[in-house]
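Structure, as structure tokens:
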Amino acid sequence: MDITAVNALPYEDFVNIFGNVVEKCPIITAAVWSRRPFVSLNALEAAISEFIDDLPESGKEGILRCHPDLAGRDLHSGTLTRESREEQARAGMDALSSGEASRMSRLNEEYKTRFGFPFVICARMNDKANILRQLTERCGNERAVERERGIEEVKKICRLRLQGLVLCDAPNKL
Ligand SMILES: NC(=O)NC1=NC(=O)NC1=O
């Protein structure tokens with residue numbers, strides 16, 4: 001689908017197709033629909049990014065809370081969204097040793113207890129070693145730092161999901 005086709009979509013189709021570019025936050029897609037026509041994929045991505053940036057801290061933390069843990073309950077119970085399942089599998093989250101899995105679980109809980117929202121990272125840009133390293137390091141940050149860092153990762157996830165849906169003229173790059 002190219003950007004012209006995107007702009008021609010009725011609201012329902014737009015939200016059905018793009019509603020999960022930010023995990024379980026279709027409201028963002030529903031909101032940016034009114035900003036069409038988008039001159040490019042980058043413009044659509046920028047509209048989403050601006051909507052997120054304009055949210056209060058509670059809204060940004062709400063977006064983070066919509067993300068399933070990496071190698072967490074949703075993965076094991078098969079309740080991940082398609083996008084999240086594919087992303088987590090590509091990062092090897094479904095193939096952890098028992099030691100790695102218990103370390104991920106402990107660190108995810110420690111992170112969530114400290115910040116009140118889950119650790120979020122763009123899984124497709126990281127392997128399991130780097131994810132574990134980042135989770136360990138980021139547990140030591142301040143809440144405000146992690147809120148912004150998590151939102152940066154949400155935007156990377158969104159960009160890759162958009163690139164999977166819309167043919168973009170520029171070469172795929174982050
Ligand atoms: N907590 C997370 O970072 N979750 C995820 N990151 C991804 O890239 N996909 C996810 O489900």
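Here, residue 1 is the first one in the sequence, and each next residue gets the next number. Note that ligands are numbered from 1 as they come in the structure, with each ligand's atoms numbered from 1 the same way.
Look at Glu109 and Lys112 and you find a salt bridge, because one of the NZ, NE, NH1 or NH2 atoms lies within 4.0 Å of a carboxylate O, short of that distance. In summary, Glu61 and Arg65 engage in a salt bridge, as defined by a charged side-chain N under 4.0 Å from a carboxylate O. In summary, Arg161 and Glu23 engage in a salt bridge, as defined by a charged side-chain N under 4.0 Å from a carboxylate O. Here Glu45 does not pair with Lys155 in a salt bridge; the nearest charged N to carboxylate O distance is not below 4.0 Å. One finds no salt bridge joining Arg85 and Asp94 here, because no Lys/Arg side-chain nitrogen approaches an Asp/Glu carboxylate oxygen to under 4.0 Å. Electrostatic pairing of Glu153 and Lys156 counts as a salt bridge here, judged by a charged N lying under 4.0 Å from a carboxylate O.
Close approach of ligand 1 to Phe119 (heavy-atom distance below 4.0 Å) involves ligand atoms 1 (N), 2 (C), 3 (O). Taking every heavy atom of Ala123 and a limit of under 4.0 angstrom, the matching atoms of ligand 1 come to 7 (C), 8 (O). Close contacts between ligand 1 and Ser84 involve ligand atoms 10 (C), 11 (O) [criterion: under 4.0 Å to a heavy atom]. Against a heavy-atom cut-off of under 4.0 Å, Cys122 is close to the following atoms of ligand 1: 8 (O). Set against the non-hydrogen atoms of Ile157, the atoms of ligand 1 under 4.0 Å away are 6 (N), 7 (C), 8 (O).
Protein heavy atom at the shortest distance from atom 4 (N) of ligand 1 is Pro68 O, 3.2 Å. Closest to atom 9 (N) of ligand 1, if we only count protein heavy atoms, is Glu87 OE1, 2.8 Å. In terms of protein heavy atoms, atom 5 (C) of ligand 1 is closest to Leu70 CD2, 3.7 Å.
Under a cutoff of 6.0 Å and an axis angle of 45°, Arg35 and Trp33 do not form a cation-pi pair.
Considering backbone and side-chain N/O atoms, Ile121 comes within less than 3.5 Å of an N/O atom of ligand 1.
Under 4.0 angstrom from ligand 1, there are no non-hydrogen atoms of Glu153.
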